[in-house]
Structure formats: C-alpha cells, structure tokens
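Below: one structure, written as structure tokens.
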Amino acid sequence: MVKVRVPATSANIDCGFDTLGVALTLYATFDFEIIESGVEFVGFEERFANEENLVYVTLQTALKKLKKTISGVRISIQNDVPISRGLGSSSTCVVAGVYGAYLLTNTKLDKQEIFTIANEIEGHPDNVSPAIFGSLSSSCTTDGKEAITVKYKVDERFNFLALIPDFETSTEQARKVMPEKISLKDAIYSLSRLGSVIKAFETYNLTLLKKVMGDKIHEPYRKRIIHEYQEVKKICEKVDSKGFFISGSGSTLMNIVECVENIEKIKEDLAKLKYNWHPVLLKVDMEGTVVL
Ligand SMILES: Nc1ncnc2c1ncn2[C@@H]1O[C@H](COP(=O)(O)OP(=O)(O)OP(=O)(O)O)[C@@H](O)[C@H]1O
Ligand SMILES: N[C@@H](CCO)C(=O)O
C-alpha cells in the first residue's frame, strides 16, 4: 500500500487570478492498494464513490502518460478539506491521483513532472503548484504548454482565518459569472498589486498587505454569488482584518488576522448570520505533498 498527504490550497489571493496560490495546514490523505481487478473506494462521500471519481480518473490518465498498467486499485481517503469551498479539494484529488500512478508503478518521483501532469488535468496551475511544492507560488503555462512555477517564502506568523460557509460554489459556476473581457484599467489595477502582495507575505508586512490588497479581475463578479459576502467582510474589518479575499473560486472567504485572540469575537459575530460560517485558523504549509 502507498500513502500520500496533500494540503489544501487557497488560489488567486485576490489580485493573482489563476496565478498565485498558497498551501495551508489542512489535509487530505489518500491510500492506494493494488487489488485483483476493478476499483474500490473507501471513505469517499457516496456521490464520488464511482468510476467518475476524480482521483481514479486522474490515476488512469497518469498511468497512460507513464505507459504503465495496474490490475485494479482500492483508493481510500481521510479528508479534512471541505469540498467545493475554494480550498483546493479538486487539486488534492488530482495531485493524489498522479502520485498514486507513480508510487503504484515504482516510478521515480519527480515533483516537476508531477506538476506538469497535474496542471494539464486541472487546467490551471495555481492550486496544484502549492499543493505539490508547499508555501506560496506564482505559476503559469508557457506558450509551449510548459508548466512553470516559482516558490516564495511566507512568514510563519501569518494567520489565515478560513471562513467556510455551509454552501458550495463550484469552480465551473464561479468561472461562468466572469466576463469574457476585462478593461485595461481593471487589469492594471490587479497586476500592479501582485509584486507588493508577494513581498508583504514574504516579509510579514501587514501594513503593506492591507494597503495593496484588491482585485478587479474576478472578485467583483464572484462576490455576488457568495451569500453574505458583504456582511462577513464588515464583521472582519470591524474586528481584525489585514487582508480579505475570496479563497480560490469560493465559497470560503479568507481573512488575514493579526491577533488570534480576535478570532472568538469574529466567531461570535458570524454566528448571527444565516449560512453557518465556520472559522478555521490555518497556517502556511511549507512541505506540499508528502509520501507517508
Ligand atoms: N474528497 C473528494 N472526493 C471526490 N471528489 C472530490 C473530492 N474533493 C473534490 N472532488 C472533486 O472536485 C470537485 C470540486 O472541485 P471545485 O474546483 O469545484 O472545488 P474546489 O477545488 O474545492 O475549489 P477551488 O478550486 O476553488 O479551490 C467535486 O465536485 C469533485 O468532482
Ligand atoms: N484560479 C481558479 C482557482 C479555482 O480552481 C479560479 O479562481 O477559478
């Protein structure tokens, strides 16, 4: 049996749409075991315990790319990453599926190769990069279809307070609400903040972070499909907020808090809202995917 642990991730980080992503200390662990034939699922929600399962589909795709075969497989999951909440649940499955193909066939692990395959399957690299390499990264796919990622340090003092509601937002749905075209002015608004946001995360410069956070590429459209977005933002800003953004494609809202003592107050105020917002304090994960 082989086992991998993949971290949750928060993609975009406001102005870095489809570019930035950070790995967080919340995990999904997957076991892969060769069986005589077919596929068995253990620990998955019933709706995903079938051959369309993203881990299984990815495993099959990766095996084809490696030109390897297996007789059958049992896939087990122990999952703490909420599904369709903007914390990279699909990336945990994609990354695990690619790792599964390498490990079950004794193929030498190469994180860059795994990243390339995972990026092709996921379609954008901002979640899969931090899920594999850990920490904060900026990624792109070149014109020649090469997946490139660069990793940055994040100061360990950062407190990522994930505010997770009881409703799902699928990435597919959240991409549909965005316009096909955006203005040059809006592109500049986001692009001009990117370098400063990265520097603020590297250096724990909360004053800089607070000043430069902002986006006009996806947030203005997506906040409309996240119930109680404005109410949650107002509560955070009243209590403690050094940065507030939609995590990935939502529905989780991410609040950077300076003092963990303030979390209880935020929790009390969120309890007055309708959508059962559940605050979870996360730190940056430095390792990315780990074979256990
Ligand atoms: N634990 C899981 N078991 C099986 N399938 C999963 C699991 N987690 C995610 N998936 C698959 O990924 C889909 C959710 O992906 P989606 O991109 O919408 O959300 P997300 O990855 O959580 O959010 P984001 O990409 O914004 O961070 C599910 O519908 C399912 O197909
Ligand atoms: N960058 C992606 C992340 C979610 O998969 C998006 O926001 O649509």
Side-chain angles (χ1 to χ4, degrees), residues 4-24 26-32 39-59 61 75-97 100 118-119 121-131 136-141 147 149 160 162-179 182 190 194 215-223 225-226 245-254 280 282:
V4 283
R5 189 190 74 175
V6 190
T9 46
S10 183
N12 302 328
I13 317 185
D14 229 16
C15 57
F17 182 67
D18 274 4
T19 304
L20 293 184
V22 65
L24 299 168
L26 188 69
Y27 301 96
T29 304
F30 302 81
D31 297 338
F32 296 87
V39 57
E40 292 175 12
F41 298 99
V42 180
F44 285 90
E45 286 184 22
E46 210 182 315
R47 59 178 166 154
F48 301 124
N50 55 57
E51 291 195 2
E52 313 275 284
N53 179 290
L54 188 54
V55 187
Y56 181 63
V57 171
T58 304
L59 174 72
T61 309
I75 309 174
S76 311
I77 186 172
Q78 294 93 45
N79 186 28
D80 288 328
V81 182
I83 298 172
S84 294
R85 298 296 202 288
L87 288 166
S89 68
S90 58
S91 281
T92 63
C93 294
V94 169
V95 170
N119 178 42
I121 296 168
E122 178 79 349
H124 36 81
D126 48 344
N127 285 115
V128 289
S129 167
L136 171 69
S137 56
S138 178
S139 314
C140 69
T141 309
T149 191
F160 292 84
L163 308 170
I164 309 169
D166 64 9
F167 58 89
E168 297 187 350
T169 308
S170 76
T171 299
E172 204 187 342
Q173 175 198 5
R175 291 185 90 86
K176 276 191 192 143
V177 299
M178 291 179 57
I182 55 160
S190 291
L194 204 58
D215 170 69
K216 289 201 176 169
I217 294 180
H218 68 116
E219 292 235 357
Y221 312 99
R222 288 176 162 181
K223 67 185 180 190
I225 60 164
I226 299 180
F245 52 91
I246 299 171
S247 183
S249 59
S251 52
T252 293
L253 297 173
M254 192 64 78
V280 181
L282 302 172

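As the structure lists them, so they are numbered: ligands from 1, and atoms in each ligand from 1.
Close contacts of ligand 2 with Asn127, meaning ligand atoms under 4.0 Å from a residue heavy atom, involve 3 (C), 4 (C), 5 (O). Numbered from 1 in the order shown, with element, the atoms of ligand 2 that lie under 4.0 Å from a heavy atom of Asp18 read 1 (N), 2 (C), 6 (C). Of all atoms in ligand 1, listed by their number and element, those nearer than 4.0 Å to a heavy atom of Asn79 are 1 (N). Atoms of ligand 1 found under 4.0 Å from any heavy atom of Ser170 (numbered from 1 in listed order, with element): 18 (O). Close approach to His124 involves these atoms of ligand 2, each under 4.0 Å from a residue heavy atom: 2 (C), 3 (C), 4 (C), 5 (O). Annotation for ligand 2: atoms under 4.0 Å from non-hydrogen atoms of Thr171 are 4 (C), 5 (O), 8 (O). For ligand 1, the atoms lying closer than 4.0 Å to a non-hydrogen atom of Arg85 are 22 (O). Listed by atom number, the atoms of ligand 1 under 4.0 Å from Ile77 heavy atoms are 1 (N).
Residues Met254 and Leu87 form a side-chain contact, since some pair of their non-hydrogen atoms from C-beta on lies under 4.5 Å apart. Looking only at side-chain heavy atoms (C-beta outward), Ile225 and Lys176 stay at 4.5 Å or farther from each other. In this structure the side chain of Leu54 never reaches within 4.5 angstrom of the side chain of Phe48, judged on heavy atoms. In this structure the side chain of Ile77 never reaches within 4.5 angstrom of the side chain of Val55, judged on heavy atoms. Asn12 is listed as a side-chain neighbour of Phe17, based on a closest heavy-atom distance under 4.5 Å.
Inclusion of Thr171 in the set of residues having an N or O under 3.5 Å from an N or O of ligand 1 is warranted. Some N or O of Ser84 is nearer than 3.5 Å to an N or O of ligand 1, by distance alone. Among the atoms of Ser89, some N or O lies under 3.5 angstrom from an N or O of ligand 1.
Counting only distance, with no hydrogens or angles, the side chain of Arg85 and the backbone of Ser170 share no donor-acceptor pair below 3.5 Å. In this structure a side-chain-to-backbone donor-acceptor pair under 3.5 Å is present from Ser190 to Lys216. Put simply, the side chain of Glu219 never gets that close to the backbone of Asp14: no donor and acceptor are under 3.5 Å apart. Checked by atom type and distance alone, the side chain of Ser247 never pairs as donor or acceptor with a backbone atom of Ser10 at under 3.5 Å.
Of all protein heavy atoms, the one lying nearest to atom 10 (N) of ligand 1 is Cys93 SG, 3.9 Å. Residue, atom and distance of the protein heavy atom nearest to atom 3 (N) of ligand 1 are Phe44 CD2, 3.4 Å. Here the heavy atom of the protein found nearest to atom 5 (N) of ligand 1 is Phe48 CG, 3.6 Å. Atom 11 (C) of ligand 1 has Leu54 CD2, 3.8 Å as its closest protein atom, hydrogens excluded (heavy atom only). Among protein heavy atoms, the minimum distance from atom 6 (C) of ligand 2 is reached at Arg175 NH1, 3.3 Å.
With a 4.0 Å cut-off on non-hydrogen atoms, Val81 does not touch ligand 1 at all. Under 4.0 angstrom from ligand 1, the non-hydrogen atoms of Leu87 all belong to its backbone. Residue contacts with ligand 2 for His218 are absent, since no atom lies close enough (heavy atoms, distance under 4.0 Å). Contacts with ligand 2 closer than 4.0 Å are made by side-chain heavy atoms of Asp126 only, the backbone lying farther away. If you look at Glu45 next to ligand 1, there are no close heavy atoms at all, none under 4.0 Å.
Looking at Arg175 and Asp18, a side-chain N of the basic residue comes within less than 4.0 Å of a carboxylate O on the acidic one, giving a salt bridge.
When the heavy atoms of Ala11, Ser249, Gly43, Ala96 are ranked by distance to atom 26 (O) of ligand 1, first place goes to Ser249. One option in Ser247, Gly88, Gly248, Ser90 has a heavy atom closer to atom 27 (O) of ligand 1 than any other, and that option is Gly88.
Among the candidates Ser138, Ser91, Ser137, Cys140, the single residue satisfying the side-chain contact (heavy atoms from CB on, under 4.5 Å) test with Ser129 is Ser137.
Using cut-offs of 30° and 60° on the angle between ring planes, the pair Phe30 and Phe32 is parallel.
In this structure, Arg222 has a heavy atom closer than 4.0 Å to ligand 2.
Heavy atoms from other residues, nucleotides or ligands lying under 6.0 Å from CD of Glu46 number 12 at most.
Under 3.5 Å, the side chains of Asp126 and Ser139 contain no donor-acceptor pair of N or O atoms.
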